Amino acid sequence: MMRSLYAGVSGLQNHQTRMDVIGNNISNVNTYGFKKGRVDFQDMISQQIAGSARPTDEVGGVNPKEVGLGMSVASIDTIFTQGNLQSTGVATDIAIQGNGFFVLKKGDETFYTRAGVFGIDSEGTLVNPGNGLRVQGWMAQDYNGEQVIQTSATPTDLVIPVGQKDPPKATELVHYLCNLNKNTPEIPDDPTPQQIQEGTHMTSVKIYDSYGNTHILQMNFRKVPGQPNTWQATVNVDNENGIDSETRVGYNTTDGVGNTYTLQFNNMGRLISITDSAGNTSGEAGDIIMQVSYNVPDSNPDANGNPYRQTFNLNLGTIGSMDNTITQAASKSTTKANYQDGYALGYLDNFHIDQSGVITGVYSNGSTRTIGQIAMASFTNQGGLEKKGDNTYIESTNSGMANIGESNTQGKGSMLAGTLEMSNVDLSEQLTDMIVTQRGFESNAKTIQTSDSMLETIINLKR
């Protein structure tokens with residue numbers, strides 16, 4: 001009878017533990033990134049009254065007689081099922097779709113979390129604004145003008161330098177494409193203004209010098225009289241201001257040639273060669289690259305006293321191709337510059353984060369630059385992580401070491417900016433568990449009450 005009392009006590013205690021876990025789950029039903037807990041019970045050791053016996057020739061076998069001594073908590077598991085995603089529209093809010101954790105730092109301590117409620121502090125560091133823990137990742141490094149992220153390196157703090165200057169970049173490449181109208185009339189020797197206008201196709205595009213000043217690159221195309229499928233192009237940079245410009249075929253020809261060149265097409269309307277005013281001709285295959293130089297006003301001369309000149313490459317397309325190149329067909333002239341790589345001084349005023357966690361800065365001058373990438377961690381046994389509060393976890397001896405890398409690799413999920421992962425607590429499930437737990441608690445209490453009544457009856461036997 002005393003055994004039933006203590007079995008009831010163990011039931012009361014452990015159902016209370018289960019109720020504590022349920023209460024914690026319900027209290028965190030609206031906590032971003034929270035993962036619910038689950039209590040598993042197991043029976044305790046049993047007291048053997050009689051052992052088992054094997055069958056004999058006369059009688060069959062006998063099962064053991066055992067009385068259980070109650071129950072205990074087998075485990076309290078953290079259930080890492082995916083929570084629903086809620087759109088917030090905040091650029092620094094990030095949800096993980098799939099497995100993985102964000103990596104946070106406090107000094108030398110490392111924490112892991114599923115709650116991507118992040119923001120920027122006064123120094124531009126990406127942090128959790130609730131506790132100041134710093135989000136870890138890799139900052140982009142500049143290699144030969146390109147922003148490269150070394151994800152094999154040790155993660156560091158991520159800094160988003162809002163307001164940082166992006167220095168001006170001189171135009172180094174201009175790309176032309178589309179078409180010259182085969183039916184454009186030739187300009188006679190003594191043309192009228194209308195004939196000049198009808199026989200000339202003019203294009204212009206903004207380019208930039210090393211100061212970030214804008215200049216107008218203008219190219220005028222006209223058919224060469226008496227030479228079929230041949231056009232002459234005149235290149236001017238800020239023609240109205242009288243800035244000298246030069247054009248050269250290739251990369252190694254001599255400075256000092258004029259600002260005109262001729263284009264030769266075949267009978268299929270495909271470009272087959274370019275010749276500059278010094279007689280330099282393009283090759284028979286590959287891209288047609290011309291160099292254009294112009295004087296940059298109000299700049300320091302070189303050591304020889306010559307004006308400072310800016311040079312860029314003019315890509316007219318691929319010889320013999322109809323794609324991404326200048327062609328000649330009986331269709332409206334549409335030849336224009338579709339790309340140039342220069343820009344003026346700008347400031348970082350916005351950024352966005354993609355599914356790989358790459359942070360890209362958007363500058364006021366229209367340029368973009370990779371700033372860094374957010375790291376993710378995964379574990380062999382994520383259920384073995386220890387909770388440290390503030391929606392964070394730390395490694396334990398049974399979780400395994402953190403495997404830190406970029407998202408979408410080695411079983412890690414993807415990141416969704418502007419969204420947050422909600423708690424995975426299901427209220428209907430928790431309330432049902434609460435009813436079952438309450439009934440279990442009451443039943444164990446009834447076991448104690450009944451055992452007490454039986455003991456009282458025994459005591460009253462002597463009266």
Side-chain angles (χ1 to χ4, degrees), residues 21-38 77-106 111-121 124-137 158 160 162 350-362 371-379 382-383 385 387-394 402 404-409 411-434:
V21 173
I22 293 172
N24 183 62
N25 289 341
I26 294 175
S27 67
N28 286 282
V29 67
N30 290 318
T31 301
Y32 291 119
F34 177 80
K35 299 303 176 184
K36 64 184 177 182
R38 182 187 66 189
D77 302 322
T78 302
I79 309 301
F80 284 95
T81 55
Q82 179 73 48
N84 294 327
L85 302 184
Q86 178 182 354
S87 177
T88 66
V90 179
T92 52
D93 285 345
I94 309 171
I96 296 177
Q97 179 72 48
N99 294 324
F101 298 83
F102 298 108
V103 184
L104 306 177
K105 277 279 192 179
K106 177 184 178 183
F111 302 88
Y112 307 94
T113 185
R114 292 280 299 189
V117 186
F118 301 141
I120 301 174
D121 65 11
T125 306
L126 189 63
V127 300
N128 182 328
N131 50 33
L133 298 181
R134 297 176 176 178
V135 182
Q136 299 297 290
L158 288 170
I160 301 175
V162 176
N350 196 7
F351 63 92
H352 62 263
I353 303 171
D354 66 13
Q355 290 190 350
S356 298
V358 175
I359 306 170
T360 302
V362 181
I371 297 175
Q373 185 173 4
I374 299 172
M376 282 184 64
S378 60
F379 296 87
Q382 61 186 4
L385 293 170
K387 295 182 179 181
K388 294 298 290 184
D390 294 339
N391 272 352
T392 63
Y393 304 86
I394 60 171
I404 299 178
E406 54 189 309
S407 62
N408 293 314
T409 61
K412 300 179 182 66
S414 59
M415 301 186 192
L416 297 176
T419 60
L420 288 173
E421 182 184 10
M422 301 176 67
S423 169
N424 68 347
V425 173
D426 185 340
L427 272 179
S428 60
E429 177 188 34
Q430 296 301 311
L431 293 175
T432 302
D433 285 348
M434 183 184 296

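As the structure is a computational prediction, the values presented were derived from the model and not from experiment.
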- Query: Could you go step by step and tell me if Gln355 and Leu416 meet the side-chain contact (heavy atoms from CB on, under 4.5 Å) rule?
  - Reply: CA-CA 6 Å; Gln355 290 190 350; Leu416 297 176; 3.8 Å; yes

- Answer yes if the side chains of Asp426 and Ser428 hold a donor-acceptor pair under 3.5 Å, and no otherwise. yes

- Answer yes if the side chains of Thr113 and Asn391 hold a donor-acceptor pair under 3.5 Å, and no otherwise. no

Side-chain ([X]) to main-chain ([Y]) donor-acceptor, under 3.5 angstrom:
{"X": "Lys35", "Y": "Thr81", "value": "yes"}
{"X": "Ser423", "Y": "Val425", "value": "yes"}
{"X": "Asn28", "Y": "Thr31", "value": "no"}
{"X": "Asn424", "Y": "Ile79", "value": "yes"}
{"X": "Thr88", "Y": "Val90", "value": "yes"}

- What do the steps show when you test Val127 against Phe118 for side-chain contact (heavy atoms from CB on, under 4.5 Å), and what is the final call? CA-CA 6 Å; Val127 300; Phe118 301 141; over 6 Å; no

Which atom pair, heavy atoms only, marks the closest approach of [X] to [Y]?
{"X": "Ala95", "Y": "Leu85", "answer": "CB-CD2, 3.7 Å"}
{"X": "Ala402", "Y": "Tyr112", "answer": "CB-OH, 3.3 Å"}
{"X": "Ala417", "Y": "Ala91", "answer": "CB-O, 3.9 Å"}
{"X": "Gln430", "Y": "Asn25", "answer": "OE1-ND2, 3.1 Å"}
{"X": "Ser414", "Y": "Ser407", "answer": "CA-CB, 4.3 Å"}

What I'd like to find out is whether the side chain of [X] reaches to under 4.5 Å of the side chain of [Y], using heavy atoms alone.
{"X": "Gln136", "Y": "Phe102", "result": "no"}
{"X": "Gln373", "Y": "Glu406", "result": "yes"}
{"X": "Val358", "Y": "Ile353", "result": "no"}
{"X": "Thr419", "Y": "Asp93", "result": "no"}
{"X": "Glu421", "Y": "Tyr32", "result": "no"}
{"X": "Arg134", "Y": "Leu104", "result": "no"}
{"X": "Arg114", "Y": "Phe101", "result": "yes"}
{"X": "Thr92", "Y": "Phe351", "result": "yes"}

- Item | Sidechain N-carboxylate O distance under 4.0 Å for Lys36, Glu429 | yes

Interatomic spacing from [atom1] in [X] to [atom2] in [Y] - rounded to 0.5 Å:
{"X": "Asp121", "Y": "Leu126", "atom1": "CG", "atom2": "CG", "answer": "9.0 Å"}
{"X": "Thr409", "Y": "Lys412", "atom1": "OG1", "atom2": "NZ", "answer": "4.5 Å"}
{"X": "Thr360", "Y": "Ile371", "atom1": "OG1", "atom2": "CD1", "answer": "7.5 Å"}

- Query: Relative to each other, are the rings of Tyr393 and Phe80 parallel, tilted or perpendicular (30° and 60° limits)?
  - Reply: tilted

- Residues Phe111, Lys105; criterion side-chain contact (heavy atoms from CB on, under 4.5 Å); working and verdict: CA-CA 6 Å; Phe111 302 88; Lys105 277 279 192 179; over 6 Å; no

- Item | CA sep, side-chain torsions, deciding dist, call: Leu420, Val117, side-chain contact (heavy atoms from CB on, under 4.5 Å) | CA-CA 7 Å; Leu420 288 173; Val117 186; 3.9 Å; yes

- Answer yes or no: are there more than 12 heavy-atom neighbours, outside Lys387 itself, under 6.0 Å from its atom NZ? yes

